[in-house]
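Presented below is the structure to which this report refers.
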Amino acid sequence: MEQLWQEFFSDPSQWWDNRFIKTSPKYPDFKHKSTHEGLWIEGRLNPIWVKAKMATMTLGHIHSGGELRSWVLDSCGNGGKVSKLCQEGRLKEALHMVELMVEQDTLVPIIAYVGLLKGCARRKALAEGKQVHALLVQSGYDSVTFLGNTLVDMYAKCGSVLDARNVFNTMPEHNVISWTAIISAYADNGQGEEAINLFQQMRLAGIAADKILFVIVLKACARISDLEKGKQLHSQIVKSGFEADMIVGNSLVNMYAKCGSIEHARQVFSNMCETDVLSWNALIAGYAQEGLCKDALALYERMKQEDMQPNSVTYVILLKACASIAALEQGKHIHSHIVNSGFELDVIVSSALVHMYAKCGCIEHARQVFNNMHERDVVSWNAMIAGYAQQGLGKEVFELYEQMKLEDVQPTHVTYVVLLKACASIASLEDGKRLHSQIVEIGFESDVIIGNTLVDMYAKCGSIEHARHVFSNMHERDIVSWNALIAGYAQQGLVKEALALYEQMKQEDVQPDDVTYVVLLNACAGIAALEQGQQLHSRVISSGFDSDIIVGSALVDMYTKCGSIEHARRVFNNMYERDIVSWTAMIAGYAEEGLGKEALELYEQMKQEDVLPNNVTYVVLLKACARITCLEQGQQLHFQIIESGFQSDEMVGGALIDMYAKCGSIEDARHVFNNLPEQDLVSWNTMIAGYAQQGLGEEAVRLLEQMQREGRKPNGVTYVSVLSACSHSGLVDEGRRLFDFMFKNHGVTPTVDHYACMVDLLCRAGCLAEAEDLINKMPIQPDAVLWRTLLGAARNHGHVEIGRRAFDCVVKLEPENPSAYVLLSDIYAAAGRRDELANIRK
């Protein structure tokens, strides 16, 4: 160790200084650029003279060549004051202090900038972080490598991966810390694939990874369950000599376990020279995750035999394993260990105990643990409520739910009703069936609320037969029961069955309510069933619900979606009271019919009546402007949207992009896109579609590439737009590349729309034989549009044989379509084939 320090002091420029950007005390303060050996200032094996020698050195001595203009560490001067302010969370004061120093041309100590950036990272203060970045640029120090590393780390911790990447890309040089910072940025922000890609780029650049970087990339593999990449990393780790390192070993066990390869995880674990509690936890969790709970428990017993003390995470994993197989005796055994170890006071462990006892059917023990908890969080309440729900103890569920609310704890799941509603909302049929089985077993199926919720769950999960079976077997039914099943039929588009059930309901003297009529009217609107809708309207009037604002709005919506705008306006005008939903429904009706002028006039009337628009209103109005390409009115709406504070709304932002693009103002569309607080998939697709509409293929492709760089995964809609853009811009090679790329790299299966874009692209370019071959090789049935596109291209390019084959296919699919005959006639006429032309005309 003494020799290493002597080497360091003889030439500090050969060592990386990591003191101000390292994220863990395990990372060395100084690391040799060639040998990668590390030195820690506080190392217990250091010679006693090291600290004294360090005290005489400035940062400028360490960074040779005047890289930092001999900035002094200045821990007792201005830099120390700034750092202290940052540690106390007084970022704005610290930032102001540095700004004054820069204005006064006072040398800013490095510790001040490092302290500010770390303070911003801790508090996720992105705006302040950008100000610090600007000061660094202003001072000319943004090119300093380790400050660049700190900037990358700050942006990453503030969640701005794009800014982190921009800093990284502009850095004059990258060391292993630079790569670690940017790879961590992507890994920590859920972009594991990009993290792995960057790691591979680093390796290609000839930079050797250290163990910390291997750990980060292994976690990225675990997050995205990329076993193959994980195996490749394992090979590199072996070659690099890090396999014996315990931290790396733990990460390998965790990666293999999370990727579902428990055999590999066990093999790595068995070969580790040294293990700690994290090693055991990773493997136990792997077994539990794979449903091998007995193996997990056996490993726990072996862990104890080897005198390895479990921690809170160990117990949580084990309790979940016991809960999953209802292993009550093992759970009790673990509980006793928890008490002896003093972990019963841990809120997470106690919550896991409640969950385990409830899942094992021992609700009394669960409640006892719950009552004895010194602290309870939402997980604790949820575990106890779920326990009661599982046992069908509805009374206790609701009592505990009320107590939970009284203690200002926001519930998530509380009762069977809540659980079934959750199943319905996520269309989780299997979970719903399991809940239903438990309800039947404990005799709660006769409860009308449970029965209604079961009907609703099955209907929303698309199993209308199960919903009808539950409904038919209910001992007692109320209006909610009928509405739930009627809504189920309506959601499946079975309007006749929904109306038949409505008739049966009346025969059984059950009076419909406003919900009944709204559900039925929505069903008619969904399939444009105007006649049935009109019949319902007459019943609404006879039932006295025509004055109900919700029913009135549903009537307006039904008539507009059935294309009867006059009836819709009549209902709207006769409403005693109108709310924003009513106005929006009527405005949307005009917009859908292409009556943009009327839609905008109604909006002006709405404002005169002091009704405030919501985000949906603005979306509808912007669509109206887009349809009639009314840019001026769209710009006025944009101004009103900003005044109303809706500019950050995702739906409104997407509608603004679409409006500007369709009105030909693509620059304004891009400006809106760039200024969205968050760009979701819809906004990306809308902007790409805007470029496509304007024939700006290259811009569309560039935006797609930017989308991928920022970690956004394109979908089928994205590729339809970008392929269309390629078609209209003549980007044949790019279109071919993207068509292959979308399936191979993003798993997007081509649909008829994608093939239509490609056929159009090839036909426009004169590649008719290739287009025909593509259609013939489609894995799905091509429609007449594809063949008609090829037929039209054959006419344009004078290709008789392809035209004839395309004609045969069109006629086979659409025998009565006259356009095909016209196109073929034109082909024969242009080719001088009079006999064939005469036959066509016959």
What do the steps show when you test Gln200 against Lys229 for side-chain contact (heavy atoms from CB on, under 4.5 Å), and what is the final call? CA-CA 10 Å; Gln200 291 171 335; Lys229 288 283 195 318; 3.3 Å; yes
Ion pair present between Arg165 and Glu194, side-chain N to carboxylate O less than 4.0 angstrom? yes
Could you list the residues that satisfy side chain to side chain contact (heavy atoms under 4.5 Å, CB included) with [X], not counting sequence neighbours?
X: Glu88; value: Lys84, Leu85, Arg90
X: Ala209; value: Phe199, Met202, Arg203, Leu213, Phe214
X: Leu39; value: Met1, Leu4, Trp5, Phe8, Trp15, Phe30
X: Leu227; value: Lys231, Tyr256, Cys259, Ser261

How far does CE of Met308 sit from OG1 of Thr314, to the nearest 0.5 angstrom? 9.5 Å
The reported gap from CG in Asn311 to CH2 in Trp280 (rounded to nearest 0.5 angstrom) is 13.5 Å
With sequence neighbours left out, what residues match [X] under side chain to side chain donor-acceptor pair (under 3.5 Å)?
X: Lys211; result: Asp245
X: Glu274; result: none
X: Thr180; result: none
X: Lys31; result: Asp210

Under 3.5 Å, is there a donor-acceptor pair between the side chain of [X] and the main chain of [Y]?
X: Ser380; Y: Ser351; answer: no
X: Ser279; Y: Asp276; answer: yes
X: Ser437; Y: Lys433; answer: yes

Closest heavy-atom pair and its distance - Val161, Ala185: CG2-O, 3.9 Å
Close side-chain approach of Ile338 to Leu353, heavy-atom, < 4.5 Å: yes
Show me the donor-acceptor pairs, under 3.5 Å and distance only, between side chains in residues 285-297 and residues at least two apart or in other chains.
unit_1: Tyr287; atom_1: OH; unit_2: Arg266; atom_2: NH1; d: 2.9
unit_1: Gln289; atom_1: NE2; unit_2: Ala257; atom_2: O; d: 3.2

Quick note, ring pair (Phe, Tyr, Trp, His ring centres under 6.0 Å) partners involving residues 291-319, not counting sequence neighbours, are Tyr300-His337, Tyr315-Phe343
Apply side chain to side chain donor-acceptor pair (under 3.5 Å) to the pair Asp153 and Thr150, showing each step before the final yes or no. CA-CA 5 Å; Asp153 183 66; Thr150 314; over 6 Å; no
Validation: residues 318-328 side-chain donor-acceptor distances under 3.5 Å, sequence neighbours left out:
unit_1: Ser324; atom_1: OG; unit_2: Ala321; atom_2: O; d: 2.7

Residue list, ring pair (Phe, Tyr, Trp, His ring centres under 6.0 Å) with Phe168, at least two apart or on another chain: His174, Trp179
